[in-house]
Amino acid sequence: MMQCPRCLNTDKAFFYRGSRGWYCRKCISFGRVMLEEENEPVSLAPVSEGSEEYTLQYPLTKAQEEIAVKCAELIDTSDVLLHCVCGAGKTELVVLSIAKMLKEKKKVCFAIPRRQVVLELRERLAGYFPKAKVVAVCGGHTEETDGDLIVCTTHQLYRYYRVFDLLILDEPDAFPFRGSEVLHGIAETSRKGHMICLSATPDQELLRKEREGSLIRLVLNRRPHGHPLPVPQIKVVPDKVMFLSLIRWLHRHRAQSCMVFVPSIKKAQYLYWFLFLLFPCCLCTSHTENRDEVIRAFREKKNGVMLCTTVMERGLTIENVQVCVYQADSRIFDEAGLVQMAGRVGRVFAYPEGDVLFLCRRRSEKAERCVKALREANLCAV
Amino acid sequence: MRCLMCGKNRDEGTFRDLFDPQDPLCEKCRSEWRRKHIRFRLGGVTAESSYVYNEAFSRCLIQFKELNDEALRDVFLYEVADRLRFRYRGYTLCLLPSSEEKSAARGFSHLRLMFACLKMPMIEPFRKVTSQDQKNLNREERLAMQDAIILKDGVQLPEKILLCDDTITTGATMLGALAALGQKAQKVRIYAVSANIRWL
């Protein structure tokens with residue numbers, strides 16, 4: 001049977017015989033891979049001496065410590081899923097495992113679906129590992145692709161065929177990684193060792209793997225500051241009143257930063273035209289070109305309102321922020337996304353609590369499931 | 001059968017499949033291309049093109065040329081092949097050159113594959129002497145590159161020549177080829193599969 005060595009595709013309809021032999025068309029956007037030719041594993045420079053030394057900004061809590069040690073033990077023998085609530089410090093949990101691998105002179109990669117998060121995470125990891133060379137590889141940053149510790153988008157993993165002894169996959173349930181067979185295949189073939197998945201909302205695929213026994217799940221339901229997760233309040237209001245409810249809510253929180261999630265870019269723009277008359281507003285969607293700058297300004301302002309689409313739902317930490325999801329029953333949002341949006345609140349030690357509001361046009365099962373999941377997590381944490 | 005661009009399964013069939021079941025692209029991908037037969041003068045010669053060079057077309061062309069996806073060879077001329085065969089009967093297709101390094105890296109001549117479905121006589125009489133990539137050049141720099149195309153030594157040119165290329169942007173390559181031909185050919189026409197929107 002034919003199989004693409006890179007994306008593991010076996011569907012015959014995607015293979016084509018060109019002038020030099022068979023190749024796979026499913027992953028053609030990453031360059032052509034011939035099926036019959038032998039693919040050499042990419043070789044990278046060895047890990048440099050002393051790169052495993054690390055310093056954390058805060059010491060880990062007892063619960064975190066326990067998980068981190070267990071994870072570092074397990075990765076020698078099996079894949080691990082770290083199922084932790086948003087803001088539980090997932091990155092810090094794997095630092096121990098990374099250090100252990102680096103000490104054994106093994107290559108580690110941290111892969112994330114979103115480009116925005118890659119650059120931010122590089123800075124953080126470079127702070128934790130001062131002696132290691134941490135490189136970020138993502139669109140626009142591809143001149144240097146080799147270092148002691150590689151942080152990249154999941155798209156860039158095609159550069160590393162059978163390289164990594166440890167692949168850490170952050171948020172595998174996020175777009176565009178979720179549901180993309182090609183990206184899953186590429187992630188699979190970029191590693192020769194084991195894998196750690198970090199997720200607050202693991203999908204069915206990961207849970208199935210756990211049931212089969214090929215993956216061990218470690219659960220952490222408590223944030224480091226020990227406070228429970230903010231549980232969203234669901235408010236069902238008629239279409240025409242929703243805008244007024246939003247204004248009322250924003251007015252109540254006018255002294256704090258507020259994020260308003262909107263289903264589509266167009267809606268975000270229209271809402272922006274209205275809201276900027278009343279509140280210090282900014283707009284942040286995938287069409288915003290200077291996104292980094294907008295976020296920085298929003299952080300500094302302390303009492304702004306940010307209108308954003310689902311691009312901003314993950315990997316963003318802002319002090320003292322409140323979240324409202326406008327038209328939360330829209331089919332654009334899914335349960336995992338709603339959990340992530342609610343998870344933007346109360347991530348900082350100084351402001352461990354906050355307000356989350358879901359505005360719906362009608363009862364929505366997704367929103368209710370999200371609330372239930374968060375309640376359960378809070379119950380298990382005690 | 002799957003669409004060659006979006007990979008969607010097309011066994012179900014659409015209304016168009018009643019009349020046109022062989023198209024390698026699905027209805028949606030095909031509709032993104034903007035088909036427009038235009039004729040214009042270029043260097044004193046009549047030129048014709050069939051599509052507007054838009055985003056969907058360029059995506060397809062890049063996948064074919066740069067990512068070496070040979071499966072797309074028949075996609076480009078599928079709709080216009082009969083028309084071209086009729087209009088240019090008696091002509092010899094004369095393919096414009098790629099730079100030598102590029103075609104060596106590619107392992108095949110992309111124009112030869114693309115125009116093979118016309119089943120017309122084909123020659124490649126030109127050679128490109130510089131290897132600079134045109135993609136990153138502006139209009140003036142491109143026009144200055146006209147001398148970069150020369151005729152190979154000892155080529156026998158037929159009487160009626162159709163200069164073929166995948167796309168016309170500024171026309172610099174075509175003008176270079178025309179200059180290289182000089183007075184040696186009796187009748188010359190130009191055909192490009194797509195043309196930049198400014199030729200409209």
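Because the structure is a prediction, the values reported are computed rather than measured. In what follows, chains carry the letters A, B, and so on, assigned in the order in which the sequence lines appear, proteins first and then strands, with residues in each chain numbered from 1.
Under a cutoff of 6.0 Å and an axis angle of 45°, A:Arg25 and A:Phe14 do not form a cation-pi pair.
Contact annotation for B:Leu4: both backbone and side-chain heavy atoms come within less than 4.5 Å of a heavy atom of chain A. Only the backbone of B:Arg106 comes within less than 4.5 Å of a heavy atom of chain A; no side-chain atom from C-beta onward does.
One finds no salt bridge joining B:Asp11 and B:Arg2 here, because no Lys/Arg side-chain nitrogen approaches an Asp/Glu carboxylate oxygen to under 4.0 Å. Ionic pairing of A:Asp334 and A:Arg178 is present here: one or more N-O contacts between side-chain nitrogen and carboxylate oxygen are shorter than 4.0 angstrom. Residues B:Glu70 and B:Arg73 are not paired through a salt bridge, judged by the lack of any N-O separation under 4.0 Å between the basic side chain and the carboxylate.
Here A:Ser19 is the residue among A:Ser19, A:Ala13, A:Ser29 with the most heavy-atom pairs under 4.5 Å with chain B.
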